[in-house]
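Each ligand, and each atom within it, is numbered from 1 in the order the structure gives.
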Amino acid sequence: MTMTILVTGAAGFIGAHLCAALSARGHRVIGCDHLRHDDPLLALRRARVAALLAPSGVHLVDADLRDAHACEALVAHGQPRVVVHLAARPGVRDSITDPLGYVGPNLVAFANLLQSCSTQRVARLLFASSSSVYGARSEAPFNEDDRCDRPESFYAATKQANEAMAHAFSRTRGLSVSALRFFTVYGPWGRPDMAYFSFAQRICRAQPITLFAGGELWRDFTYIDDVVEAVCRLAERPGGPSWEVLNVGHSRPVQVRTFLATLEAALGRRAQILDAPIQPGDVPMTCADPARLHDAVGALPCTPLETGLQRFVAWLRVWQRSQPEVLPTATAQRVLA
Ligand code: NAD
């Protein structure tokens, strides 16, 4: 069944890929993002829209979801059956130095969206939570029923709060909600603030990279196409429970040191490494238990890290040639979720 689907954060990494994929599956897709003129990543967001949304015929509405009226108008006008809410300020590191900068995009905008989905009788809301809600733990894999009340960063706290807010709307307003805990998503058109992207940039420029905790942190890297396939199937699923939490990850964590070696091989260059201790906000491991997701939508593709990084590097080479000025030179090197 084809339907109208609203995707927020549509000019972002996951959102742009998702809009293109949903459109290719025959859905009417409305994208929403807030393109701020002072955003250092504005050119990258615009390029994603030009490369992924425009050829798919996806219309982008520029709206700030912190504005309750703009949010209500967006949902009322589009009348989507399903909303996929990805808009947020991501990143662990910045949330430690600028926690208040996360309140508007991650909490106020989310409350507005819940209210609008409820009043406009949206059939299902899927929203981006994060593996960071699991906090610092080393027992793996992470199961959705595990304790999640000890966030290591303010970013993680906002995602945990989102889950609580959505659960309350599900219980009191009849809104059907799926909270999706994404695990370190990577791939073409990715985020320059994430480690794989900034590592690759610095290796290409023969600049040293800082490796925290001896590169012994474990991350469940998840390739973008696999994430998009999971979200498409969830959006298309008829029915579903009124409330659910689902891990979206591969359950194949690798150490960051191993990840770096794979990236070096894809780039054909060695990294210069500066060692540093584990940083506040960092967690030693992420590892999804994807059983519940597989129960919901069946077995999913699991792109090997080597393949995913080769595709990322192929894209990066083209991107660096065409838009070198877009790539920030001093982005954080280490945000992993
Ligand atoms: P992204 O930063 O590329 O995309 C987020 C988009 O939201 C941006 O384009 C931004 O402009 C938009 N946005 C922010 N505030 C807005 C507002 N007030 N109104 C409208 N749009 C607004 O991030 P991403 O990597 O694509 O992540 C998508 C979602 O998944 C986020 O919620 C993020 O926290 C979550 N997540 C991502 C990962 C990952 O590895 N990429 C992991 C866990 C969770």
Side-chain angles (χ1 to χ4, degrees), residues 6-19 30-49 52-53 60-68 70-71 74-75 83-92 94-95 101-113 116 126-134 142 153-163 179-197 219-224 226-228 230-231 246-250 283 286 288 308 312 331 335-337:
L6 168 64
V7 178
T8 74
F13 167 41
I14 300 173
H17 283 280
L18 180 67
C19 285
I30 305 164
C32 162
D33 208 295
H34 181 42
L35 300 177
R36 294 180 295 108
H37 70 277
D38 60 345
D39 179 354
L41 295 179
L42 179 61
L44 177 56
R45 297 196 206 290
R46 285 196 168 135
R48 290 191 190 113
V49 172
L52 297 172
L53 272 63
L60 184 82
V61 178
D62 192 339
D64 183 350
L65 296 173
R66 293 173 300 181
D67 176 340
C71 185
L74 174 75
V75 182
V83 173
V84 185
H85 178 61
L86 302 173
R89 182 168 174 189
V92 167
D94 285 354
S95 79
Y102 283 69
V103 171
N106 290 19
L107 298 176
V108 176
F110 191 70
N112 289 338
L113 192 88
S116 302
L126 308 163
F127 78 91
S129 183
S130 165
S131 62
S132 63
V133 300
Y134 287 107
F142 300 177
S153 66
F154 193 74
Y155 166 73
T158 66
K159 292 296 182 181
Q160 193 189 326
N162 287 169
E163 292 188 4
L180 310 179
R181 293 179 179 165
F182 293 136
F183 282 68
T184 316
V185 188
Y186 74 99
W189 295 106
R191 285 190 2 233
D193 62 297
M194 292 185 71
Y196 72 93
F197 200 129
R219 289 293 178 273
D220 197 356
F221 292 98
T222 314
Y223 188 62
I224 181 68
D226 306 338
V227 169
V228 165
V231 179
L246 297 167
N247 288 333
V248 182
H250 285 330
V283 296
T286 64
F312 166 69
T331 49
V335 179
L336 292 171

Considering all heavy atoms of both residues, which atom of C19 and which atom of G31 are nearest to each other, and what is their separation?
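Minimum heavy-atom separation between C19 and G31: SG-CA, 4.4 Å.
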If you apply the rule side chain to side chain donor-acceptor pair (under 3.5 Å), what do you find for T8 with H85, and how did you get there?
CA-CA 5 Å; T8 74; H85 178 61; 2.7 Å; yes
Show which atoms of ligand 1 fall inside a sub-4.0 Å distance from at least one heavy-atom site of A128.
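Every atom of ligand 1 under 4.0 Å from some heavy atom of A128: 29 (C), 30 (O), 32 (O), 35 (C).
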Neighbour count above 12 (heavy atom, 6.0 Å) for R89 CZ:
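Atom CZ in R89 is crowded, with more than 12 foreign heavy atoms closer than 6.0 Å.
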Does [X] have a non-hydrogen atom less than 4.0 Å from ligand 1?
X    : answer
T184 : yes
R45  : yes
S129 : yes
Y155 : yes

Single hit among D64, D62, L65, V75 for side-chain contact (heavy atoms from CB on, under 4.5 Å) with C32:
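Result: among D64, D62, L65, V75, L65 is the only option passing the side-chain contact (heavy atoms from CB on, under 4.5 Å) with C32.
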Below 3.5 angstrom, do we get any N/O pair linking [X] and ligand 1?
X    : value
P105 : no
D64  : yes
D33  : yes
V185 : yes

In terms of relative ring orientation, are [X] and [Y] parallel, tilted or perpendicular, with 30° and 60° separating the classes?
X    : Y    : result
F142 : F183 : tilted
Y102 : F154 : perpendicular
Y196 : F312 : perpendicular

Given [options], identify the one with the heavy atom nearest to [atom].
atom                    : options               : answer
atom 32 (O) of ligand 1 : R181, K159, R219, H85 : K159
atom 1 (P) of ligand 1  : R191, M194, R48, R66  : R191
atom 16 (C) of ligand 1 : A87, A109, P90, A63   : A87

Which part of Y186 is near ligand 1, with near meaning a heavy atom under 4.0 Å away: side chain, backbone, both or neither?
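It is neither part, as no heavy atom is under 4.0 Å.
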